[in-house]
Amino acid sequence: MNLSREIAVHLPYLRRFARALCGSQRSGDAYVVATLEALVADPDAFPENMSPKVGLYHLFMASWSSIRLNTEPSPNTDEISAAQRNISMLTPRSRQAFLLRTVEGFSVEDVAAILGVTQEEVEALVTDAGREIAERVATDVLIIEDESLIAQDIEFIARDLGHRVIGVARTHQEALELAKRQRPGLILADIQLADGSSGLNAVNEMLESFDAPVIFITAFPERLLTGERPEPAFLISKPYKVDTVKATISQALFFERKASRAA
């Protein structure tokens, strides 16, 4: 199997990571493209001592570090400028380690290889990032989930992070009614609901009247990662890990300018 085939299976997950790191689909995908272009220009740059997935993420981080957009706000893009203002509040290296470890599920050893640091440094970076993010944001959360046990688990996770849960909706209509009574600062949504309705459609209707970050938690991620239409920046596959949900919530709110600050 050649290199292109070996890394192809990991590209959807790299795109997810890039979007979480950047806070947007557009800029995240641009960094992935830059990584692939660099690899095409110099195939020998791929590290031979790493697995295809770890090597791919390692090259991505090299591209990320070399692009000036990460340190200079764009004068023409409000979305990226807002993200840059928030990024300046947290050490970039700690955020990278935090996402690689808690969202992407890499081992400490693999994160160290991707970032080119020691395992001890990775553990310290992850701890620092989680603490810093949790201290900065708290908001009202709407959960759209038809399975009661999963909904209760997600609610516990959100409350454990210091957020307020305004309600749990099992259907499209319930979600719209809850959002109408109190606009959430964060939406956690499944895409397939109890009555056959769509959490995705409910979210799209809500976002016509107000802005809020959205995290989709679904057993059908392939329905959202088609590459054919705008895709979510924050997507968690079921079955999920608690640490992944916590990390993604913190990351989504990190990029939301309107999230209220924690007391």
Side-chain angles (χ1 to χ4, degrees), residues 6-7 10-11 13-24 27-28 30-32 34-36 38-39 42 44-73 80 83-137 157 160-162 215 233-237 240-255 262:
E6 289 180 327
I7 67 174
H10 304 301
L11 287 176
Y13 304 100
L14 179 65
R15 291 169 63 208
R16 177 182 66 181
F17 169 72
R19 294 171 187 183
L21 192 62
C22 299
S24 77
S27 55
Y31 289 122
V32 173
T35 300
L36 296 178
L39 184 57
D42 183 14
D44 292 335
F46 197 91
E48 296 182 357
N49 61 336
M50 297 182 186
S51 68
K53 185 174 183 179
V54 172
L56 178 63
Y57 277 70
H58 176 78
L59 288 180
F60 173 83
M61 292 312 311
S63 295
W64 166 271
S65 300
S66 68
I67 296 175
R68 295 179 66 191
L69 178 62
N70 293 318
T71 56
E72 295 185 5
I80 295 178
Q84 294 303 324
R85 287 194 293 273
N86 286 330
I87 286 172
S88 67
M89 299 164 61
L90 186 64
T91 307
R93 209 60 161 171
S94 62
R95 289 184 53 252
Q96 294 161 16
F98 182 76
L99 287 173
L100 288 167
R101 184 76 178 100
T102 59
V103 175
E104 297 304 308
F106 283 105
S107 67
V108 172
E109 181 181 2
D110 285 343
V111 175
I114 291 169
L115 298 181
V117 299
T118 67
Q119 294 184 38
E120 291 74 16
E121 287 176 301
V122 169
E123 292 175 344
L125 288 169
V126 170
T127 299
D128 289 345
R131 173 182 50 78
E132 291 180 34
I133 292 176
E135 289 174 352
R136 297 189 184 279
V137 291
I157 292 170
D160 190 49
L161 287 171
I215 300 171
F234 304 104
L235 176 64
I236 298 173
S237 301
Y240 56 79
K241 295 181 180 179
V242 170
D243 285 346
T244 298
V245 178
K246 286 185 175 181
T248 307
I249 288 174
S250 296
Q251 193 68 10
L253 290 172
F254 186 73
F255 281 97

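- A search for salt bridge (charged side-chain N to carboxylate O under 4.0 Å, His left out) contacts involving Asp243 returns nothing, not counting sequence neighbours.
- Residues Val32 and Trp64 fail the side-chain proximity criterion, which asks for heavy atoms closer than 4.5 Å.
- The two atoms that bring Thr248 and Thr244 nearest to each other are OG1-O, 2.8 Å, heavy atoms only.
- To the nearest 0.5 Å, atom CZ of residue Arg95 and atom CG of residue Leu21 are 5.0 Å apart.
- Residues passing the side chain to side chain donor-acceptor pair (under 3.5 Å) test with Thr35, sequence neighbours excluded: Ser63.
- The CE atom of Met61 sits 12.0 Å away from the CG atom of Leu56 when rounded to the nearest 0.5 Å.
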Exercise. Checking side chain to side chain contact (heavy atoms under 4.5 Å, CB included) for the pair Leu36/Leu11: CA distance, chi angles, key distance, verdict?
Worked result: CA-CA 10 Å; Leu36 296 178; Leu11 287 176; 3.9 Å; yes
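- Looking at heavy atoms from C-beta onward, Ile7 lies in side-chain contact with Leu39 at the 4.5 angstrom threshold.
- Between the CD1 atom in Ile249 and the CD1 atom in Ile236 there is a gap of 7.0 Å [rounded to 0.5 Å].
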Extract all donor-acceptor atom pairs below 3.5 Å that involve side chains of residues 107-116 and protein atoms in other chains or at least two apart in sequence.
{"residue": "Ser107", "atom": "OG", "partner": "Asp110", "partner atom": "N", "Å": "3.0"}
{"residue": "Ser107", "atom": "OG", "partner": "Asp110", "partner atom": "OD2", "Å": "3.4"}

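- In this structure, the separation between CZ on Phe98 and NZ on Lys246 is 10.0 Å, given to the nearest 0.5 Å.
- Residues passing the side chain to side chain donor-acceptor pair (under 3.5 Å) test with Thr118, sequence neighbours excluded: Glu121.
- Under the ring-ring contact (aromatic ring centres under 6.0 Å, His included) criterion, Tyr57 pairs with Phe17, Phe106, not counting sequence neighbours.
- Glu104 is listed as a side-chain neighbour of Arg16, based on a closest heavy-atom distance under 4.5 Å.
- With sequence neighbours excluded, no residue forms a side chain to side chain donor-acceptor pair (under 3.5 Å) with Lys53.
- In terms of heavy-atom proximity, Gly55 sits nearest to Pro47 at CA-CG, 3.9 Å.
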For this session: Just do the side chain to side chain contact (heavy atoms under 4.5 Å, CB included) check on Val117 and Arg93 with the steps written out, would you?
Result: CA-CA 10 Å; Val117 299; Arg93 209 60 161 171; 4.2 Å; yes
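- Between Ala97 and Val122 the shortest heavy-atom distance is CB-O, 4.5 Å.
- To the nearest 0.5 Å, the span separating CE on Met50 from CG on Leu59 amounts to 8.5 Å.
- Between the CZ atom in Phe60 and the CZ atom in Arg15 there is a gap of 12.0 Å [rounded to 0.5 Å].
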